Amino acid sequence: MALARGYAATDASKPLQPFTFERREPREDDVVISIKYSGICHSDIHQARNEWGNSMFPMVPGHEIAGIVTAVGSKVSKFKVGDRVGVGCFVDSCTTCASRDVDLEQYMPGLVPTYNGVEADGKTPTQGGYSDHIVVKEGYVLSIPEHLPFEATAPLLCAGITLYSPLRNWGAGPGKKVAIVGMGGLGHMGVKLAHAMGAEVTVLSQSLSKKEDGLKLGADHYYATSNAETFKTLAGTFDLILCTVSAEIDWNAYLGLLKVDGTLVLLGVPENPVPVHAFSLIPGRRSIAGSMIGSIKETQEMLDFCGEHNIVSEIELIRMDQVNEAYERVIKSDVRYRFVIDMATL
């Protein structure tokens, strides 16, 4: 076992603090990664504060990991020492399940999350990227394009794939009108990706305060949802709406913005059930759906796509000892657009 240093939540009511723990010894199919950057996802905050009710402590958060390979097992063939790699939201899955589907493994049984989970042995807690290194099976390690700014690629491992997957699944591209609800850590990635895919992109945000940013990042249109006229102007407009916010919104009003056969996809997780009237769906054969990250295969596809189109996240780089302050700023939406921890400051 090798000692690792990181920051952990030791209790739902306490701030993150320095923490030393053990990583497993590398096996023949493992890759050892020195973590250089770790993005902060809002789900890190939810889990560190046990807001989803399933937290295990002590917990080292972080599933947006960018690092350098420092060692590989004897059976590893895809990676070598010195490679730039990433680790996303899960580090293992069931390889023998009858329902296994490598294209949809994020929805299959046996998924092992990068942190706040238990490894395949059924007892060892997984610990995430707010740490100096991590040991991951080769099949769950991703290649990061060499020319992309390293620190700004870290959020692609969650925020990037969370938007890429539904855009691809629902066919965003030329001739399609896509709306992104929310211009935050997730939403700004949706703007960049949908634009690169060739779709006509509209941002639906509570105010126009980030309009200049949205247009600069690739949006064709930008509307304030606090203005009731927006819903009249845009009625029946969109093929696809991706909702990145977790706030309570008027779901029926947003469904009214869809074309016939349009789909509203939930990416954010509202605290309360989503109330939808049947007549918001039936007359236009509209759908409401959900989406969650992507498979390893699709995540690599996303990274390659980002490499081809020079897409990275807009970030604010912070020191490790600023993580608790960053959490509070995320809650206040006081970041443009994703915090990334420089792990050299650990």
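Only a predicted model underlies this, so the values are computations on that prediction, with no experimental measurement involved. Nothing fancy with the numbering, it's 1 onward along the sequence. Excluded from the calculations below are hydrogen atoms, water molecules and symmetry mates; all remaining heavy atoms, backbone and side chain alike, are included.
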Taking every heavy atom of Trp251 against every heavy atom of Pro275, the minimum-distance pair comes out as CD1-CD, 3.5 Å
Are the side chains of Arg49 and Ile331 in touch, meaning some heavy atoms are under 4.5 Å apart?
-> yes
Would you call the rings of Phe305 and His309 parallel, tilted or perpendicular if under 30° counts as parallel and over 60° as perpendicular?
-> tilted
Exercise: do Glu328 and Asn324 side chains pair donor with acceptor under 3.5 Å | no
Out of curiosity, does Tyr337 fall in the hydrophobic cluster containing Met302 (side-chain heavy atoms, cut-off under 4.5 Å, transitive links)?
-> yes
Are the charged groups of Arg285 and Asp261 less than 4.0 angstrom apart, N to O?
-> yes
Between the side chains of His188 and Ser313, does any donor sit under 3.5 Å from an acceptor?
-> yes
Can you list every pair that meets side-chain hydrogen bond (donor to acceptor under 3.5 Å, both in side chains) and has a residue in residues 109-118, with sequence neighbours left out?
-> Asp44-Tyr115, Gln47-Tyr115, Gln47-Asn116
Write down the atom of Gly128, the atom of Ile65, and the distance for their closest heavy-atom approach.
-> C-CD1, 4.4 Å
Is Arg329 close enough and on-axis enough to Phe339, meaning under 6.0 Å and within 45°, for cation-pi?
-> no
Looking at side-chain heavy atoms only, is the closest gap between Pro61 and Leu16 below 4.5 Å?
-> yes
Do Asp321 and Thr345 come within less than 4.5 Å of each other through their side chains, counting heavy atoms only?
-> no
Taking every non-hydrogen atom, the tightest pair across Val312 and Lys192 = O-NZ, 2.7 Å
So with a 6.0 Å cut-off around CD of Glu25, is the heavy-atom count from everything else above 12?
-> yes
In this structure, are over 12 heavy atoms from other groups packed under 6.0 Å from His42 atom NE2?
-> yes
Are any of the side-chain nitrogens in Lys297 or Glu105 under 4.0 Å away from the carboxylate oxygens of its partner?
-> no
With side chains defined as the heavy atoms from C-beta onward, is the minimum distance between Val323 and Pro15 less than 4.5 Å?
-> no
Atom OG of Ser165 and atom CG of Leu267: how far apart are they, to the nearest 0.5 Å?
-> 9.0 Å
Hey, are His147 and Asn310 close enough side-chain-wise for a donor-acceptor pair under 3.5 Å?
-> yes
Where Trp170 and Lys176 come nearest, the two heavy atoms and their spacing | O-NZ, 4.1 Å
Could you give the distance from CE (Met189) to CD1 (Ile311), rounded to the nearest 0.5 Å?
-> 6.5 Å
Using a 4.5 Å cut-off on heavy atoms from C-beta on, say whether the side chain of Met59 contacts that of Tyr130.
-> no
SB check Glu119 Arg23 (cutoff 4.0 Å) = no
Taking side chain as C-beta onward, heavy atoms only, is Thr230 less than 4.5 Å from Leu257?
-> no
Identify which one of Leu204, Leu264, Ile180 satisfies the side chain to side chain contact (heavy atoms under 4.5 Å, CB included) criterion when paired with Cys243.
-> Leu264
May I ask you to decide whether Asp29 forms a salt bridge with Lys75, counting only side-chain N to carboxylate O separations under 4.0 Å?
-> no
Verify the neighbour count for atom CD of Gln300: are there more than 12 heavy atoms of other residues, nucleotides or ligands below 6.0 Å?
-> yes
Kindly give the heavy-atom pair with the smallest separation between Ala4 and His133, and that separation in Å.
-> CB-CE1, 3.5 Å
Looking only at side chains, do Thr124 and Asp121 share a donor and an acceptor under 3.5 Å apart?
-> yes
What's the spacing between Ser295 OG and Phe90 CZ if we round to 0.5 Å?
-> 6.5 Å
In terms of ring plane angle, is the pair Phe19 and Phe21 parallel, tilted or perpendicular, where the classes change at 30° and 60°?
-> parallel
Nearest heavy atoms of Glu248 and Glu271, plus distance in Å = OE2-N, 3.8 Å
